[in-house]
Enquirer: 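To start, I am sharing the structure in question, which I have written as structure tokens.
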Amino acid sequence: MKWLEESFMMKRGVGADRNPVEHLLSEEVQKKFHYTIGPYSDPVLHIKPGDRVIVETRDAFDGAIKSETDKPSELLRMPFLNPQNGPIMVEGAEKGDVIAVYIEKMSPRGADPHGVACMIPNFGALTGTDYTALLNEPLPEKVRVIKIDEDNVYWSKRNTLPYRPHIGTLSVSPEIDSINSLTPDNHGGNMDMPDMGPDSITYLPVRSPGGRLFIGDAHACQGDGEVCGTAVEYASTTIIKVDLIKRWKIDWPRLENKHAIMSIGCARPLEDAARIAYRDLIYWMVDEYGFEKWDAYMMLSQCGKVRLGNFVDPKYTMGAMISKHYLAQN
């Protein structure tokens, strides 16, 4: 793939020219899944830049919801959602570097693959929550168990949705804080960005020795915003290639694919997440593509695109992107 050969990961990655060693991060190897992302948990894997990791992720509910008669309020306990694989230590990663994660493939796991979507009391974009306090009663609890395969998500007799998988939660460790796996921020976290799927690269700013990479919360498909609070959550086999870019100073997660580059911001209110994302995208255009700052600012007003990752989590996520067509230098 030409775009991958020309990506920041392949041009600058320490392990770009290495023959990758393949590692299996199975449930048996992981043993203990994590609900916080930080510098205090014991590593489960040590890899070198350029290595490939096959990861067995659990669904966001840790398999607790099995049928459409289950009640989330009886089986789930906030904030113990989004079990994370990791931490994975990347040799040579130190503060001021960037860990690059290329998602090669995501497959449903299990003999009878299925995903789960729920309406959970006091959670979602159109109901009162702990952060948006209202007097209305919680919305009804509902569970959908959906058959999936590598082509489709069989939502109902009326509608079949395309299988468009992505990783909902991808992170490196903050320098000192330990942040729950439901909350996105500048370390990554629960960004729920639909573009973070196969054939994409996510760039994460290293703040802790080894980077301490966490991954989990696979989605078989998701609309912009994850409006009811959940996607089609499923257990996956996700294959990633991990590299290290030395001395690349970035403050927020970034994403690259064949068609575009994207900066990702997380905050409340939602417009502040958009501001963070657009500002970082301008910095990226100036530093790496030779744009003058105010030209980039004004140009994005004409051709920039935004992607709403989530507006249901403790912090909201927005992606600001520009087509690579506009980045080519004559």
Enquirer: Enter the distance from Met285:CE to Glu292:CD here, rounded to the nearest 0.5 Å.
Expert: 10.5 Å
Enquirer: With sequence neighbours excluded, give me every ring pair (Phe, Tyr, Trp, His ring centres under 6.0 Å) pair touching residues 9-29.
Expert: none
Enquirer: Can Arg12 and Ser7 be counted as having a side-chain donor-acceptor contact under 3.5 angstrom?
Expert: no
Enquirer: Any donor-acceptor pair under 3.5 Å linking the side chain of Arg18 with the backbone of Pro49?
Expert: yes
Enquirer: How would you list, by chain and number, every residue that makes a ring-ring contact (aromatic ring centres under 6.0 Å, His included) with His166, sequence neighbours excluded?
Expert: His219
Enquirer: Answer yes if Ile201 and Met196 sit in the same cluster of Ile, Leu, Val, Met, Phe, Trp and Tyr residues linked by side chain heavy atoms under 4.5 Å apart, and no otherwise.
Expert: no
Enquirer: Give a yes or no on this: more than 12 heavy atoms of other residues, nucleotides or ligands lie within 6.0 Å of atom OH of Tyr289.
Expert: yes
Enquirer: Are Leu81 and Phe214 connected into the same hydrophobic cluster when the rule is that any two of I, L, V, M, F, W, Y join if their side-chain heavy atoms are below 4.5 Å apart?
Expert: no
Enquirer: Mind checking salt bridge (charged side-chain N to carboxylate O under 4.0 Å, His left out) for Arg144 and listing every partner two or more places apart, or none if nothing turns up?
Expert: none
Enquirer: Donor-acceptor pair, distance only, cut-off 3.5 Å: does the side chain of Asp62 make one with the backbone of Ala64?
Expert: no
Enquirer: What pairs of residues pass the ring pair (Phe, Tyr, Trp, His ring centres under 6.0 Å) test when at least one of them lies in residues 102-149, not counting sequence neighbours?
Expert: none
Enquirer: According to ring-ring contact (aromatic ring centres under 6.0 Å, His included), who are the partners of Trp248, at least two apart in sequence or on a separate chain?
Expert: Phe8, Tyr203
Enquirer: Please list, chain by chain and in numerical order, all residues satisfying salt bridge (charged side-chain N to carboxylate O under 4.0 Å, His left out) with Arg109, sequence neighbours excluded.
Expert: Glu27, Glu56
Enquirer: Does any N or O in the side chain of Asp243 come within less than 3.5 Å of the main-chain N or O of Gly15, such that one atom is a donor and the other an acceptor?
Expert: yes
Enquirer: Lys246: which residues meet the salt bridge (charged side-chain N to carboxylate O under 4.0 Å, His left out) condition with it, sequence neighbours left out?
Expert: Glu94, Asp97
Enquirer: For Leu134, does the CG atom sit with more than 12 other heavy atoms under 6.0 Å from it, leaving out its own atoms?
Expert: yes
Enquirer: Dump the intermediate steps for side chain to side chain donor-acceptor pair (under 3.5 Å) on Glu256 and Ser200, then the final yes or no.
Expert: CA-CA 6 Å; Glu256 180 180 11; Ser200 73; over 6 Å; no
Enquirer: Could you pull out all residues at least two apart from Tyr326 that satisfy ring-ring contact (aromatic ring centres under 6.0 Å, His included)?
Expert: none
Enquirer: Sub-3.5 Å donor-acceptor pair from the side chain of Glu150 to the main-chain atoms of Pro108, do we have one?
Expert: no
Enquirer: Tracing side-chain links under 4.5 Å among I, L, V, M, F, W and Y, which residues wind up in one group with Leu139?
Expert: Met119
Enquirer: Pair Ser236, Arg58 - check side chain to side chain donor-acceptor pair (under 3.5 Å), show working.
Expert: CA-CA 7 Å; Ser236 80; Arg58 292 181 176 175; over 6 Å; no
Enquirer: Of all residues at least two apart in sequence or in a different chain, which pass the side-chain contact (heavy atoms from CB on, under 4.5 Å) check with Lys293?
Expert: Ile282, Val286
Enquirer: How about Lys324: does its NZ atom have over 12 heavy atoms from other parts shown lying under 6.0 Å from it?
Expert: yes
Enquirer: Check whether Leu182 and Val227 end up in the same hydrophobic cluster, where Ile, Leu, Val, Met, Phe, Trp and Tyr are linked by side-chain heavy atoms less than 4.5 Å apart.
Expert: no
Enquirer: Is it the case that one hydrophobic cluster holds both Leu4 and Ile167, taking links as side-chain heavy atoms less than 4.5 Å apart, direct or via other members?
Expert: no
Enquirer: What about Met10 and Leu327, same hydrophobic cluster or not, with Ile/Leu/Val/Met/Phe/Trp/Tyr joined at side-chain heavy-atom distances under 4.5 Å?
Expert: yes
Enquirer: Could you verify whether a donor N or O on one side chain and an acceptor N or O on the other, from Tyr154 and Asp149, lie under 3.5 Å apart?
Expert: yes
Enquirer: For residues 263-280, which residue pairs pass the side-chain hydrogen bond (donor to acceptor under 3.5 Å, both in side chains) check, not counting sequence neighbours?
Expert: Arg254-Asp280, Ser263-Asp280, Arg268-Tyr316, Asp272-Arg275
Enquirer: Would a distance-only check, ignoring hydrogens and angles, find a side-chain to backbone donor-acceptor pair under 3.5 Å from Asp185 to His187?
Expert: no
Enquirer: Tell me if a side-chain donor or acceptor on Glu175 pairs with a main-chain N or O of Ser208 at a distance below 3.5 Å.
Expert: no
Enquirer: Sequence neighbours left out, what passes ring-ring contact (aromatic ring centres under 6.0 Å, His included) with Tyr35? Give chain and number order.
Expert: Phe80
Enquirer: For Asn136, does the CG atom sit with more than 12 other heavy atoms under 6.0 Å from it, leaving out its own atoms?
Expert: yes
Enquirer: If we ignore hydrogens and angles and just use 3.5 Å, is the side chain of Gln302 paired with the main-chain N or O of Met298 as donor and acceptor?
Expert: yes
Enquirer: Has the side chain of His34 got a donor or acceptor atom that lies under 3.5 Å from a matching backbone atom of Asn85?
Expert: no
Enquirer: Would a distance-only check, ignoring hydrogens and angles, find a side-chain to backbone donor-acceptor pair under 3.5 Å from Asn310 to Val312?
Expert: yes
Enquirer: Has the side chain of Asn257 got a donor or acceptor atom that lies under 3.5 Å from a matching backbone atom of His259?
Expert: yes
